[in-house]
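Accompanying notes for the structure given below.
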Amino acid sequence: MMSTVLGVIGLVSLGAVIFLSYRDGGMARTGYGFTGILATLYALAGLYLGVITVRDKTYYRLFPVLGVVLNLVVLGLVGLILYMGVNG
């Protein structure tokens, strides 16, 4: 369950950062970068918790799998933002 919560927190915070940067004409403030770093750390922790829980056969699998997917999406978005920043 915690993996899913961390994934949702990461997605919401990245979505807010992307929206606010777009609204400011593409200018990202320092706090936005810090939020991106925290979202990455949350996603890594959530991915670790999700993988550990998915491997255990005694837990119901919906939330751990959902958490793994959400955290992978967050990490993919961070990677895309970094890629676009280097090549843009």
Side-chain angles (χ1 to χ4, degrees):
M1 191 85 158
M2 191 62 170
S3 174
T4 304
V5 170
L6 288 172
V8 169
I9 289 172
L11 275 178
V12 168
S13 62
L14 277 181
V17 165
I18 291 169
F19 172 75
L20 292 172
S21 294
Y22 176 75
R23 190 181 68 184
D24 291 341
M27 299 301 295
R29 298 181 183 150
T30 305
Y32 298 167
F34 186 69
T35 303
I37 291 171
L38 282 177
T40 303
L41 293 175
Y42 287 158
L44 289 172
L47 185 64
Y48 174 75
L49 290 173
V51 168
I52 294 297
T53 309
V54 164
R55 292 178 60 195
D56 191 1
K57 302 291 185 201
T58 60
Y59 289 105
Y60 186 64
R61 292 187 147 220
L62 174 68
F63 286 110
V65 170
L66 183 62
V68 168
V69 169
L70 286 175
N71 288 304
L72 285 175
V73 168
V74 170
L75 290 174
L77 282 174
V78 169
L80 181 66
I81 290 170
L82 291 174
Y83 176 77
M84 290 174 66
V86 169
N87 292 324

Q) Nearest heavy-atom pair of S3 and G46: which atoms, and what distance? A) OG-O, 2.7 Å
(Q) For a quick test of reading the model, state the closest non-hydrogen atom pair linking Y42 to N71 and the distance between them. (A) O-OD1, 4.0 Å
Q.
Using side-chain heavy atoms (C-beta onward) and a distance below 4.5 Å, is V74 in contact with L70?
A. no
Q: Work out which heavy atom in G50 is nearest to a heavy atom in V68; give both atom names and the distance.
A: C-CG2, 3.6 Å
Q.
Rounded to the nearest 0.5 Å, what separates atom CG in L49 from atom CE in M1?
A. 13.5 Å
(Q) Same cluster or not: L82 versus L80, using hydrophobic residues (I, L, V, M, F, W, Y) connected whenever any side-chain heavy atoms lie under 4.5 Å apart? (A) no
**Q.** Rounded distance [0.5 Å steps], OG1 in T35 versus CD1 in I18
**A.** 11.5 Å
Q) Which heavy atom in R61 sits nearest to a heavy atom in V54, and how many Å separate them? A) NH2-O, 2.9 Å
Q) Is there a path of hydrophobic side-chain contacts, each under 4.5 Å between heavy atoms of I, L, V, M, F, W or Y residues, that connects V65 with L44? A) yes
Q. Is there a path of hydrophobic side-chain contacts, each under 4.5 Å between heavy atoms of I, L, V, M, F, W or Y residues, that connects L75 with V5?
A. no
Q | Point-to-point distance, once rounded to the nearest 0.5 Å, from CE of M2 to CD1 of I9 | A | 6.5 Å
Q. If two hydrophobic side chains count as joined below 4.5 Å and joins carry through other members, does L20 share a cluster with L14?
A. no
Q.
Quick one, L11 and L77 - any side-chain contact, counting heavy atoms below 4.5 Å?
A. yes
Q) Do side-chain atoms of T4 reach the backbone of F63 as a donor and acceptor pair under 3.5 angstrom? A) yes
Q: Using the rule that two of Ile, Leu, Val, Met, Phe, Trp, Tyr join whenever any of their side-chain heavy atoms come within less than 4.5 Å, decide whether Y32 and F34 are in one cluster.
A: no
